[in-house]
Structures are given as C-alpha cells and as structure tokens.
Protein chains: 2
Amino acid sequence: MQRKSLAGTGCPVAETLDVIGEWWTLLVVRDVFRGIRRFDALQESLGIARNILARRLRALVAAGILEKRPYAERPPRYEYRLTEKGRALFPVLVTLMSWGNAWALPAESRKVRLVDAETGRTVEPLLVDAATGTPLDPRKLRLA
Amino acid sequence: MQRKSLAGTGCPVAETLDVIGEWWTLLVVRDVFRGIRRFDALQESLGIARNILARRLRALVAAGILEKRPYAERPPRYEYRLTEKGRALFPVLVTLMSWGNAWALPAESRKVRLVDAETGRTVEPLLVDAATGTPLDPRKLRLA
DNA sequence: AAAGAGGGTTGCATGATGCAACTCTATGGG
DNA sequence: CCCATAGAGTTGCATCATGCAACCCTCTTT
C-alpha cells in the first residue's frame, strides 16, 4: 500500500504538502536557507539518516526546489542551492517559525528572531492583505 | 526504530513540524477551518483511512490545536473545533496555499483564492515587516 | 425486527525511516 | 608505494507508520 498521494486534488495546500510535506523535507530547505549546502553538513546539522537525506535531496531537485551543482571537479563534489521556486518557500518557513515561537517553544526560551542583515533591527513578520495592508483575520475570510 | 522526533532542538520550525508535520495533519486542520467538524465528514472529504484520522485527531486534541466537544448526547456525538492555538495556524495554511497557487498548480488551473466574507473582494496575502509594512526579502534577513 | 448514522477499533499487508557498515573517487602524507 | 582522510552516497536489515476492509457499539428511524 503506497502512502497516498495528496496531488491531483486541485487544492493548493494539498498540492504543496505533496511536494514538501514529508518528514525532514522542510528542515532540509530551512538549512539550505541558512547557507548549509553540502551533503555531509546537512546530515550533521539535522541528524538525519544518510539514505533518507539522499532521497529527500533527489526529490527536492526533481521538484525544482533545489539545484545540484558541482563546486569542484577532481574529486567531483556537489552542493545544493535554492532555485527561485525554492526561495518562494521563505514565507512558509517564516510562518512556521512564528507559530513555533508563540505556541510550541516554552515561554521562557530564547526565541529565534528574524533580523535585518544590514541594520540588525528585529523584524516581526505579519501576514496582511497586499491591497490594504490590513492583517488577515481568519473569521472574516472564505476560500473560493 | 521509532521515527525520529524533531522536538527539543530549540528551532521553532522544527518544533512546529514535530506537532503538525505528519502526513495528513495540516489537511485535517484546513478542513476544520473550512467548517468540517465531524469524523465522518472529515474522513470523506479527505479520503483518509479511518484509523489514521482517529490517530491524527487524538494528537491534535492532545496538542491543544483542536477541541473535542459533544454536540449531542443520546446518542453521544462529537465534533472538533479549533482552539486559539489552532486558529493561529491560519498564516501557515495561507502561505502554503499561496505557494501552491504560484508553483504547484498547473498555470491554467483555476486558483483557490481568499475572499472577504462580507465584501467578496479578493484578498492577496503578503508577508511584511509589522513595523514598516515592507515585504520580507529572504536575501536581506538573517536568523538570530 | 431490521436498517441506518455516527464514531470509532482491529488485523493484516506494504511502505517509509533509522542505523550502521560499506563503496567509490581523489588527495595528502610518510 | 601504501595508508589515511574527505565527500557523497548506497546497501541491508529491523521496526514503525499507513492504507484497506471489516467489524463494533450506541442510539434512532421505519
């Protein structure tokens, strides 16, 4: 019995999870965002089994989220980089991080913040309506 | 070999995925957001195996994301509702939906949109810095 | 008395994960 | 020349998670 695919439903949430919803996948993407690009470094950073990491990287490359490119020949060595499609996952990681800071981490823990690389100022992410700049309220919205 | 827990790393993304990162979990939450609250309705809407749905609902209740409450006695019947912690997942679902619309669905498909329940106006979600209202740019941000 | 409806549970077969050991290419000593 | 090390995976095996279908239990309706 194959694990059921979520693709082909037409629901954008399901289609997305079909691509990045497997165990470890988003954490691999998170680490690549942090600048970790090589197999061994990812494996050590995540503590993931090597065969699973290999499978995830293959799938992410096949999905067009990561790109595998040589950074040395002789001996052949590869690194993984985000494509535009992969960088577009940034808002997903940010909202997951926000929720984790607010609801999953113990209250007294030092939260992970997002800071402007130039000014060092802390950035507080917020989801708004692009047209009006007002925050989204789930109770006042429907899907269509 | 138990599937490795992602908890206890201190990373808010990992802690979040440890709670909602399993197969089907976020789709259950999505359906509850859409107003589907009962076991059989969820099962039919998702096409998920009944034993797995039961397990996911138990876990979501244990995590404080859903609340199980009787909507009838004699015969005893239950429904699942979002808690505040669960409603806080809305931005996660919205960013997943946006990414799916942009990158996972075929270009010609009718996208799922977010509309204002009162005015019917289409809402375009955007992640900004709460302080300045400027969109977040992954290249100019660091984690700290 | 029989047939749903709602909300699950149980057993079984198969897939996905975790772990450790092993491979393969190439470079750097001694 | 021979061995050790590094990087990037692959292979085998054991165990967990998922999928499916059938079943259970409590009412209510016909």
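Protein chains get the first letters and strands the later ones, always in sequence-line order, with residue 1 at the start of each.
- Distances from the side chain of A:Phe39 to the nucleotides D:dA8, C:dT25, D:dT18 place D:dA8 closest.
- Atom-to-atom, CD1 of A:Ile52 to P of D:dC16 comes out at 15 Å; the value is rounded to the nearest Å.
- Judged by atom type and distance alone, B:Arg77 reaches the base of C:dA5 through a side-chain donor-acceptor pair under 3.5 Å.
- A donor-acceptor pair shorter than 3.5 Å cannot be found between the side chains of B:Thr134 and B:Asp129.
- Going from atom CD of B:Glu44 over to atom C1' of C:dG8 covers 16 Å, rounded to whole Å.
- Contact of A:Arg50 with D:dA8 (side chain to base): a donor-acceptor pair of N or O atoms is detected under 3.5 Å.
- Taking atom CG on B:Leu42 and atom C1' on C:dG6, their separation rounds to 13 Å, with Å as the unit.
- Closest contact between the side chain of B:Pro75 and the listed nucleotides D:dG9, D:dT18, D:dC27 involves D:dC27.
- Checking A:Arg55 against A:Ser5, the closest nucleotide of DNA chain D that is more toward the 5' end is the one next to A:Arg55.
- In this entry the distance linking CD of A:Glu22 with P of D:dT18 reads 11 Å, nearest Å.
- Comparing D:dT26, C:dT17, C:dG18 by their nearest atom to the side chain of B:Lys4 picks out C:dG18.
- Nearest nucleotide to the A:Pro76 side chain, out of D:dT26, D:dG19, C:dA26: C:dA26.
- For the pair A:Arg56 CZ and D:dA8 C1', the computed distance is 18 Å after rounding to whole Å.
- At least one side-chain nitrogen or oxygen of B:Arg58 sits closer than 4.0 Å to the OP1 or OP2 atom of C:dT9.
- A:Arg38 comes within 4.0 angstrom of the backbone, heavy atoms only, and of no base.
- Without hydrogens or angle criteria, A:Arg50 side chain to A:Gln43 main chain gives no donor-acceptor distance under 3.5 Å.
- Between B:Arg81 and B:Glu79, at least one side-chain nitrogen of the basic residue sits less than 4.0 Å from a carboxylate oxygen of the acidic one, meeting the salt-bridge criterion.
- You'll find that the side chain of B:Tyr71 is closest to C:dG7, out of C:dT17, C:dG15, C:dG7.
- In this structure, B:Tyr80 reaches the C:dG8 phosphate: one of its side-chain N or O atoms is under 4.0 Å from OP1 or OP2.
- One distance of note links CZ of B:Arg37 with CG of B:Leu82; it measures 8.5 Å at 0.5 Å rounding.
- In this structure, A:Ile48 places its CD1 atom 10 Å from C1' of C:dG18, rounding to the nearest Å.
- Of the candidates C:dG18, C:dT25, D:dG9, C:dG18 carries the atom nearest the A:Ala49 side chain, counting heavy atoms from C-beta on.
- Neither OP1 nor OP2 of D:dG7 sits under 4.0 Å from any side-chain N or O of A:Gln43.
- Two residues are said to be in side-chain contact when any heavy atoms from C-beta on lie closer than 4.5 Å; B:Trp103 and A:Ile65 fail this criterion.
- If you measure from atom CH2 of A:Trp23 to atom C1' of D:dC16, you get 13 Å, rounded to the nearest angstrom.
- A cation-pi contact, defined as under 6.0 Å to the ring centre and within 45° of the axis, links B:Lys68 to B:Tyr78.
- In this structure, CZ of A:Arg69 is placed 14 Å from P of D:dA8, rounded to the nearest angstrom.
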